[in-house]
Amino acid sequence: MEIKTVKLGIINENCYLISSNSGAVVIDPGYYSDEISDFLKLNCQKERLILITHCHFDHIGAVKKLSEEHGVKVGIGRLDSAGLSDPGLNLSHSFRIFSEPFEADILFDDNEEIEVGDLKIRVIFTPGHTKGSVCYLIGDSLFSGDTLFFESYGRTDFPGGNGEKMRESFYRLTTTLSKSVTVYPGHDKTTTIGHEIDFNPIGYMSIL
Ligand SMILES: [Zn+2]
């Protein structure tokens, strides 16, 4: 499995391009780029899917265009799907950015296992940053969206955010996944579950 990071937009959103022998997945194409389009073109013989970790505009901005251009389906956690067409929920209204409404093809439930070619993907429901944020676990790699960052975590003061649920999600990830799992967040650099157990400030807050 090969993972490529594409940094996009004014807030350096991380879009991930993942490919294997017979599967290709794009996670959170928040802004259009030729690199993402070329990746989908290059992998057109494989099974392909666009995955969204949560509905915020900086993670969904290019989904509709890429999906239509390449005929690739789109999946998101069921509880965040309303945000794809709601400028209040996806923050495009508050950030004064136009986000064309669209619908996803597949709505995931917690713990769902999906297969894209030979890529096996587990959907982990991790509310807190938004009502329906999910992380995607592929092998030993966790794509955490804005739930878990390097020594940090996503804001919980946006619509649908919830600090208590964020702590529960952090607890769930750090108690069920191996310390060696690499975390690929929606912003900033990669980390590991083990590092976040030791250094993430939300961990201290759960103990206090
Ligand atoms: Zn976000």
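Atom set for the values below is all heavy atoms of this structure, side chains included, hydrogens, waters and symmetry mates excluded. We count ligands from 1, going down the list as the structure has it; atoms in each ligand are counted the same way. If you're wondering where the values come from, they're calculated on a predicted model, not measured in any experiment.
Geometric assessment of Lys64 against the ring of Phe102 yields a negative cation-pi assignment under the 6.0 Å and 45° thresholds.
Sequence neighbours left out, the pairs with a member in residues 3-16 that pass salt bridge (Lys or Arg N to Asp or Glu O under 4.0 Å) are Lys4-Glu35.
Within 6.0 Å of CD in Glu69 there are more than 12 heavy atoms belonging to other residues, nucleotides or ligands.
The count of protein N, O or S atoms under 2.8 Å from the Zn ion (ligand 1) stands at 4, with waters excluded from the count.
Annotation for Leu119: hydrophobic cluster partners, listed by chain and number, are Met1, Ile3, Tyr16, Ile18, Val25, Ile27, Leu49, Leu51, Leu79, Ile106, Phe108, Ile114, Val116, Ile121, Val123, Phe125, Val134, Tyr136, Ile138, Phe143, Tyr184 (ILVMFWY side-chain heavy atoms under 4.5 Å, direct or chained).
The closest donor-acceptor contact from the side chain of Asn200 to the backbone of Phe150 lies at 3.5 Å or more, if one exists at all.
Under the salt bridge (Lys or Arg N to Asp or Glu O under 4.0 Å) criterion, Arg78 pairs with Asp109, sequence neighbours left out.
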